[in-house]
Amino acid sequence: MSKMKSIVNAISSKLSISRRSFIKATLAVGGSSTIIGCYKGSGEPIFVGSGSGLDNVISPEDLSNAKIYHAGCVHNCGAGSRCVSKLHVVKGRVVRVTSDDSDRDYEGNLRDKEQYNDSRALSCAKGRAFKYKLYHPGRLKYTLKQTKARGDMTGFVRVPSEVAMKEVATKYRSTYEKYGSTAIYNTYGTATSYGGTFSSALHARNALTTFVGGTRAAYSNYSYHQFDFANVLTGHPAISGYGTIGRQLGSVAGVVKNIVSWGSNVLTSNNTVAWPYIRAIEMMKQERDGKVYFIGPEFVDTGVTCATDWVQLRNYTDSALIMAMFHEMIINTVDENGNIISNTWLDLEYLDTMVYGFFDSPAYWVKKTDGVITLTDPNNSNDYIKVDEIPAGKSLSAYVMGSDDRLTKLQYNVSKNYTAKQFGNISRNVSTCSYPSDTESKYYYKQDMNTPKTPEWASVICGTPEQTIKDLARMYTDPAQHPILNEWCGGVQKQDNGVVNLFSIASLLCVTKTFGLNGEGLFGPWASSIDNPGDKGPSTDYISSLGSSSSVVPKYEELKTVASPSVKEWFNCMKLAYHDTLKTNGYTGKHLPEWDGVTRYINDDGGAKASIQFEYESNLMAVSYPKLFNDNGIAYYKYIGQESDTPTSGTPIYTGTRMIVNAGGGIQGNQHMNTNDTTEMYRKLPITSQDPTNADSFCLVTFDIYMSPTARYADYVFASTVSLETGDWMIIGGEVNYRPGVSKAPGEVKDGWRYAYEAYRAQAGLGNPSWATITDIDKAHFKYVGTDGKSNAYQSSDVLSLKIVDKAIASADSRFYGMTREEVFEKQYRPRKNQDPKITTDQRVGAKGELLREKLDTYLALGNRMSAKPFVYNNNDYPNTVIPGKPIPNDPDGGRYPDTIIPGNYASATVQGWGSGAGNIAEWGDGTRPNFTGKFHVYNGAMVWDYERRFSKWHGWLPKEQRGQKNKDYEGDPIVYPIPMYFDFRDSFNEAYGVFPIKDASGTIVKQGKPENDLSKNHGLTLSTTHDRYRVHSTNAENPLLRELNHRTKGGGYGSGNDWKEYAVMPDRHIEGATAPISPMISSAVYKKDMKTASWHEIWINDQDAADREIEENDLIVVENPIGAVRVIARLTKRCMRGHINLHQGGWYDPNPIDGIDDGGCANTLMSSKPSRIDNGNAQQSAYVTVRKDTLFV
Amino acid sequence: MEKITKIQLGFYFDQTRCMSCNACTVACKDWNQVAPGPVAWRKQFAYEVSEDNIAPFSMSCNHCEDPACLTSCSLGAISKADDGIVTVDRKKCESLLSCITACPFGKTMIAEDKQEPNALTGWKVQHPMQKCTMCKDRLEEGEKPICVLSCVGRALDFGEFKSLQSKYPDAVRLNPNDFRYMYVNNQTDTKPALLVKPKSIKTKIHKSSTYRI
């Protein structure tokens, strides 16, 4: 018997349970409440947490004698940047949280705290309110499972976590066995032990689901979905930028003249950059009279602190503003007769040669080695790159000018630049705008297609004054006003047209050459100016040697998986998997206007409709899909059940998503679009616990600390630790730092490492599955019980973490060599030495942008454009090998390359680059895909080509017209265009809200449109959902010290709310035999209509808009649209422009059973599931709403 | 023996640096063990004086040179120490509420039952007045008030008032002419020990007149 098998047997034996008998036992547990009762103490509450810990008065003596522990802040508000937490602990309880108060840095130097780059890793309100998270009475104490119906709060019962883990493992196996790994989805989250190396719930999740099999993957993430696509559209990611604003602060302090913030609220989103950002901008204003333009609909806190100018711009209209800027640049370059005027704003020679798609142009070929151009096909594609034609009237400038024909009168000047010389005497634009135009269209944007995109035009749409648009256009084209630093924000790319918006901004930088130098370019919202304590850290080898808890690789005999859909597609995958069940159980889809139950495989889906079973071959660890069938010359993957090469010759097995294991996040409920629809769907799906061997029931497993909006709909909830309830390590600024366990977890709460151990034991205890042989169980075993293999004692996160400390102390090359543990703990969090990397001269931005700008500068310096041939830039020119999704080596921002799954090669003409488009697109390599040229693309034909074919390799089972992604709107015109342009936001909402009729595959109307849902005809307000300071997404929504800063009682005014102990507490104590009803709402105060205590989330509404609707300050109002409705309190403000309203994201969904309105003010209750244009991503900050006074709480 | 000269400790606040994070508000509650609820010894809010003047302000008790609360209290529960700090002896307070109306800034506060469920031994009323102590306990240990130490944007400072005036020549003493919006109860001149660096440059607002709402 192998060593592995003996361990499996030993564990099975120790558990005294065989797989079969275990399943019987768990069934009995699941089916009988009397058995369940055995697990409870008599009358002991099931849900309640550590409760009264904060009610006891701590004596002043105790307070002043607190023991202080050092840790990184429990919140990771930036990418690995954390503040310093000093935890004051009395009798095992955190009584205070303070932060960095050191006067000296790590090396003992006196700090200059007015220096802009001085470390200001000072905890903000979130970090300082931590004790109310630790000791919240709503903390879950026990692992729970649902025994009645999904979402029924009375159905949760307490169960030993080991038993729950066995049931979940069993459910995993039954699901895998029938549907394969495709049906199982792991999601990420941050609620539990955030950032912990060992204690994160990710380990438990992974141990459960990858020990004997796997799960499907997903592409991108909720934060950067659209950016990941937009980033590469110009062909040069260095322009769109992935760098953080933090690295540019030296330039801000020293050289930047203008900052243009496209809505960024960096001070709120990322506390650790706050001081350096404020101070650097202060220096820029004082020393250079610098200007900071905040562009957006809501004047956010960062704008209030730093902006000199608030340029009002309605949500979703960034592209209109930029198109009007292009218009202004063009008319200041070319007069209406096509003559070039003096002192042109645009560099025409540069545009002709280096910017692809600004003007119409013929097809031509460029020699890679020297840039020589020929207009005849050289028939040698290895030496030349084909630059595809920009058809007549399809260039960006043609769209911008609309019916204005001046550019058709402007010829390429053969005596001015090399490229024009090759083209000969032809017009720069062959015709005026030729994109679909229809003044009768129901799409507003098509009515505008031929309109010149003048500042006057944009002013009506954007709310931005004409003169401002003109001034901005001048600023971008006037070198005397450079450098201009641009900031993008998350919101810009979480809208329906976020990809297009970012493409517009990147195009603006291309056209005006404002990128690639210090102080220029487009930078992201994150920053890391952190408490990085120096060069030498403790060795991380020990952590590396432990590796992931889940890296045990079994020998696969069978594996079923397919292409990864979008990260946000789990809900569609569920809808398709349970289509029949949902219909039978009465799911209405009433909050999802496009749901009709007929057209389920037609809609664009981000990969959901690829989730069927395909024929495959596996070779131990790898799986391949070599079985293809040919349909009209194109090869598709063959699906299981297919009987011939006729695509419809069989019945495919739809796997979809049938089990979700959630590592403590809010995505499965609160943080995904359309909470009403998600929860309606959940409620119509039977629970798992009745029979974990049933592969067909849906199963949601979550790790959580509260009965959160997501946990409420789960089958199993594993009560988990929060940070600082166990010793652990966390990454700060790229270094691994120890953080102590300072407070005991309540009840039977465990950390992710312990749950991983239990998950491993559960899987091992079940023995080999039918499809695999576990080969490396000893490796897993040793992770948890020690590497010597002799002891069976579990090694906790505490023990493992301290071993790393001890190793650092013992290592002569460690900066902690010879210290005591206590000294190490403190020393880790000492600030680094002050630095002053103030930039005073123009330099190129380092890392990925450097070579591109260098090449451009070399080209521009040539002077004589007649001899200057265009350079060809490709991925090989990057300083390092591009590894999709991986960190960019030596990038001080910690930037990373785009995710692997971005289809197609946007980065260069010659290298495949990142993206697995080739693997997903059936037509890949047929020679029809437009090339990338190495130029700066403001026209991207490949993007459209890819869009129309995305995932098509998996779509062979569908009728031909349903393969790939449909690029036809409700009127048969394109959805995706090759240029950045303005799509009227009203069209997006009309599509999302069911204004257009739904047709089936044959074109027959199956659902009539609802013209009344066009909110632009009903005083609609556009809505944004910016961060506020008091949550990180939905984390901290329960914390009373933070709730009171954005909640109010009705009529109570700012700071009036206090529902401590009456919010997020499973109320009325779910005690066996208790008669008190359980509140179906998270806020029991709202449920009871206790108006003294009940509080609601603020919403910011323009004071004039409020007056028009007879709404006054502190009124309770209902904000609604065809998707949902929230009840919130009006905060009248001048900081929202007219027509716009702002609800900070992250409130907890809490529908009132009386009228269904969400009293938790969750922004996602108003968000449709309509995917964003181009990337099928999460257009999660797109809503159009109407507002009325509430009538329930009168 | 030479008489010890009285000093006046005070706060400094820079309106141009405050980013409305409320770290000061929460740090104050955390340090001073003030439970959740409307009573907060220090509060931050961005006041909308006008569309082009959004004025962040963080304020606690200003430990005025002529404290109106002190003179209004007939029980002698409020006193001003030689260092200028104004304190309340909660054991003497009988909740007569005179200080509540006297303080121009509303910085003498009384909690409700939910926020302060347990009266301490020696209190005469369930909820005696409470207010900022300037973290006297921290000062005695040689540490700054927690609000000052918590300020991420370095907008808050603390010290002897005259020294602060020298250190920050651009700042002005809190007064009803420049900061009317902070005088929520009355405009009595109490000589507040708060220096403010005002937001002197207004934001330029770019707003279209042809906007389609």
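Below, chains carry the letters A, B, ... as their sequence lines are ordered, and counting in each starts from 1. Everything quoted here is computed from the prediction, not taken from an experiment.
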Using non-hydrogen atoms and a 4.5 Å limit, figure out which bit of [X] sits close to chain A: side chain, backbone, both or neither.
X         : result
Ser209(B) : neither
Cys24(B)  : neither
Asp137(B) : side chain
Ile201(B) : neither
Lys199(B) : side chain
Glu141(B) : neither
Cys18(B)  : backbone

task: Go through the steps for Arg17(B) and Glu114(A) under the test salt bridge (charged side-chain N to carboxylate O under 4.0 Å, His left out), then give the verdict.
output: CA-CA 12 Å; Arg17(B) 285 184 174 180; Glu114(A) 278 293 287; 2.9 Å; yes

Pair [X] + [Y]: basic N to acidic O under 4.0 Å:
X          : Y          : answer
Arg1131(A) : Glu48(B)   : no
Lys43(B)   : Glu1044(A) : no
Lys197(B)  : Glu282(A)  : no

Measure distances from [X] to the heavy atoms of chain B and classify the residue's part below 4.5 Å as side chain, backbone, both or neither.
X          : value
Arg128(A)  : both
Ile278(A)  : side chain
Tyr277(A)  : neither
Ile281(A)  : neither
Leu1045(A) : side chain

field: Option that, when pairs with chain B are counted at under 4.5 Å, heavy atom only, ranks first among Lys126(A), His88(A), Arg1043(A), Arg986(A)
entry: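 Max contact count across the listed options: Arg986(A).
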
message: I'd like to know which of Pro465(A), Cys306(A), Gly1139(A), Cys462(A) tops the heavy-atom pair count under 4.5 Å against chain B.
response: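 Going by pairs under 4.5 Å, I would pick Pro465(A).
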
field: Stepwise side chain to side chain contact (heavy atoms under 4.5 Å, CB included) test for Tyr1030(A) and Asn22(B)
entry: CA-CA 9 Å; Tyr1030(A) 315 120; Asn22(B) 267 303; 2.7 Å; yes

Between Ser208(B) and Thr464(A), a side-chain donor and acceptor under 3.5 Å: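 Side chains of Ser208(B) and Thr464(A): no pair found under 3.5 Å.
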
message: At a heavy-atom distance under 4.5 Å, which candidate from Ile213(B), Thr16(B), Val152(B) has the highest pair count against chain A?
response: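 The residue among Ile213(B), Thr16(B), Val152(B) with the greatest pair count is Val152(B).
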
field: Nearest-0.5 Å distance, NZ of residue Lys207(B) to OG of residue Ser459(A)
entry: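 If I round to the nearest 0.5 Å, the distance is 12.5 Å.
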
query: Under 3.5 Å, side chain of Asp30(B) to main-chain N/O of Ala129(A), donor-acceptor pair present?
result: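 Judged by distance alone, no pair lies under 3.5 Å.
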
